[in-house]
2 protein chains.
Amino acid sequence: MSKAFTLPQLRVACSGCSLRELCLPVDLTDEEMRRLERLVSEKHAYRRGDYLYRSGARFDSLYAIRTGFFKTQVLHEDGREQVTGFQMAGEIIGMDAISNDMHTCDAVALEDSEVCELPFNRLEALSRELPALQRHLHKIMSREIVREHGIMLLLGSMRAEERLAAFLLNLSQRFAARGYSATVFQLRMTRQEIGNYLGLKLETVSRTLSHFQEVGLISVRNKAVEILDMKGLQSFFGVAAGPL
Amino acid sequence: MSKAFTLPQLRVACSGCSLRELCLPVDLTDEEMRRLERLVSEKHAYRRGDYLYRSGARFDSLYAIRTGFFKTQVLHEDGREQVTGFQMAGEIIGMDAISNDMHTCDAVALEDSEVCELPFNRLEALSRELPALQRHLHKIMSREIVREHGIMLLLGSMRAEERLAAFLLNLSQRFAARGYSATVFQLRMTRQEIGNYLGLKLETVSRTLSHFQEVGLISVRNKAVEILDMKGLQSFFGVAAGPL
DNA sequence: GGCGGCGTTTGATATATGTCAAAAACCGTG
DNA sequence: CACGGTTTTTGACATATATCAAACGCCGCC
């Protein structure tokens, strides 16, 4: 269990990580980078369906997603659930837990995934010494607030077609930012999970996707999606695809 | 303009501020408190309808509300607007702007109000030296993320009655936390603004409030509200009133 | 203190989305 | 490769909320 014996492939090497630019501040020196790497203690693997954390669990660490796909959700006691986000490689999750030293939502792997653990106390300590890291941490949290404003706008004022268009365009952008196709991709979540994110029933999600297909905006077959008319989708809700 | 000539009543004295416990970390020493007070450079007054900041404006400072009431909103280019929050004394606003050094929403005074300006660069610098302040800043941002999760749940899965009940109970709690009545208060916002917050049309807000009155849950006349049956309101959406 | 405009209430009607249901397609597992 | 359970699609129908409209009341300003 001593760190000295951690297997090489389980050690973290941020400096060589392809996600570096998504997940880290860009302007660290080599020495600063090494200090950060020492902090990122371990990598963990999760199978599809595994919980990364559960609501109510004690908070110790943030997590950087290295590979895979997660959803985060809050549950209402009567069983209703709201998906608060779908997270992919390079994104940091767990920030909601800082406020009460306790996780306030569940994080579930939607496919086999790996995460880097960032012990928060040590992250705070290091960010006191590295202003660039401190600023980066603040920006990540702020970005999450902005993202949620966008979802509030979506949930509060958009129609089903607009919500789905925004959702697909957002996924497209994020896949593109990671070097994948912006037009052809696999959904990792069910219609139900999409509905729980967008405030719609699964039947409405299904119908709306079918409708998009009928009018030639997309091709969809189960989880396989191809965007055929990006402009057409964008026109559904002004131009701003914004970060969802 | 020199700080030396700032009038005494415009200088900030956090240590004597009645909102201290809402807005500041609790465990600062006197010396640390003085350093923080020096940072909180100025107090500004706003009239009802004034903008504290606008979307797109450059970001320099967070603001602590000392007296009064604000709303924050994001605008969609087609004119739709989503109110992202109603903020009252002791709350900190502007954190969405950190991510891009630019405000991403408007903040508008709903009544005559005063705010304390917190220059963010200096706040970051000081929080590198005062771990308690650093932790507090992180908690405030995290709390905002949690609050927004709650609103996503509300917007994504609650019916109009549940949304209004949650809204009234949330206001009630926050007034109570500030020493005001939990049952009798004035709304500071219009039905339209409530609707833009809760994802409802103003007519639906009005009808739902009228209905609450008919069944004896509240008494409402224009902006004056009295909660007559707190338990009854709570039963609308489980028990969790949560921070909105 | 009266006028005018905004905010609110209430009614009648329209509609987007939810609900219920059944069949079809897909997927992991034995 | 077949089976059983889950996911998806599609249809018919129900309903919560939006839309349109008119009257009323409150409040600030002249």
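Only heavy atoms go into these numbers, but all of them, side chains included; no hydrogens, no water, no symmetry mates. Letters A, B, ... are given to chains in the order of the sequence lines, protein chains preceding strands, and every chain is numbered from 1.
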By salt bridge (Lys or Arg N to Asp or Glu O under 4.0 Å), which residues pair with Asp112(B), not counting sequence neighbours?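 If we apply the salt bridge (Lys or Arg N to Asp or Glu O under 4.0 Å) test to Asp112(B), skipping adjacent residues, the hits are Arg47(B).
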Name all residues meeting the salt bridge (Lys or Arg N to Asp or Glu O under 4.0 Å) criterion together with Asp229(B); count only those two or more places apart in sequence or in a different chain, and write none if there are none. none
How close or far is atom [atom2] of [N] from atom [atom1] of [X], stated in whole angstroms?
X	N	atom1	atom2	value
Gln192(A)	dT19(C)	CD	P	11 Å
Ile194(A)	dG18(C)	CD1	P	14 Å
Leu187(B)	dG7(C)	CG	C1'	13 Å
Arg221(B)	dG7(C)	CZ	P	18 Å
Lys223(B)	dT8(C)	NZ	C1'	9 Å
Arg188(B)	dG7(C)	CZ	C1'	18 Å
Arg191(A)	dA24(C)	CZ	P	19 Å

Please compare Arg48(A) and Arg159(A) by the position of their nearest nucleotide in DNA chain C and report the one closer to 5'.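 Looking at the nearest nucleotide for each, Arg159(A) comes out on the 5' side.
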Can you tell if the side chain of Cys105(B) reaches within under 4.5 Å of the side chain of Gln73(B), non-hydrogen atoms only?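 They are not in contact (no side-chain heavy atoms under 4.5 Å apart), so the answer is no.
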Pick base, sugar-phosphate or nothing for Gly195(A), based on heavy-atom distances below 4.0 Å to the nucleic acid. nothing
Under 4.0 Å, heavy atom to any atom of DNA chain D: which of residues 201-215 of chain A qualify?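 Residues of residues 201-215 of chain A that come under 4.0 Å of DNA chain D are, in numerical order, Leu202(A), Glu203(A), Ser206(A), Arg207(A), Ser210(A).
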Can you check whether Ala182(B)'s main-chain N or O pairs, donor with acceptor, with Ser172(B)'s side chain at less than 3.5 Å? yes
Could you list where the contact with chain B starts and ends along DNA chain D, reading 5' to 3', using a 4.0 Å heavy-atom cut-off?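 Range of nucleotides touched by chain B: dT17(D) to dC26(D).
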Residues in side chain to side chain donor-acceptor pair (under 3.5 Å) with [X], at least two apart?
X	result
Asp60(B)	Arg58(B)
Ser61(A)	Glu117(A)
Ser219(A)	none

Which pairs pass ring-ring contact (aromatic ring centres under 6.0 Å, His included) with one or both residues in residues 141-160 of chain A, sequence neighbours excluded? none
Output every pair passing side chain to side chain donor-acceptor pair (under 3.5 Å) with a member in residues 203-212 of chain B, not counting sequence neighbours, ordered by first then second residue.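 Matches after skipping sequence neighbours: Glu161(B)-His211(B).
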Show me, pair by pair, the donor-acceptor contacts under 3.5 angstrom made by side chains of residues 86-95 of chain A, not counting sequence neighbours?
from: Gln87(A); atom 1: NE2; to: Thr72(A); atom 2: OG1; distance (Å): 2.9
from: Glu91(A); atom 1: OE1; to: Met88(A); atom 2: N; distance (Å): 2.8
from: Glu91(A); atom 1: OE1; to: Arg174(A); atom 2: NH2; distance (Å): 3.0
from: Glu91(A); atom 1: OE2; to: Arg174(A); atom 2: NE; distance (Å): 3.3
from: Glu91(A); atom 1: OE2; to: Arg174(A); atom 2: NH2; distance (Å): 3.4
from: Glu91(A); atom 1: OE2; to: Arg178(A); atom 2: NH2; distance (Å): 3.3

Excluding sequence neighbours, so at least two apart, what forms side-chain contact (heavy atoms from CB on, under 4.5 Å) with Gln192(A)?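 Once residues adjacent in sequence are excluded, the partners of Gln192(A) under the side-chain contact (heavy atoms from CB on, under 4.5 Å) criterion are Thr190(A), Asn196(A), Leu202(A).
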Computed from five pairs at either end and rounded to 10 degrees, the angle between the axes of the helix from dG1(C)-dC30(D) to dG30(C)-dC1(D) is 50°
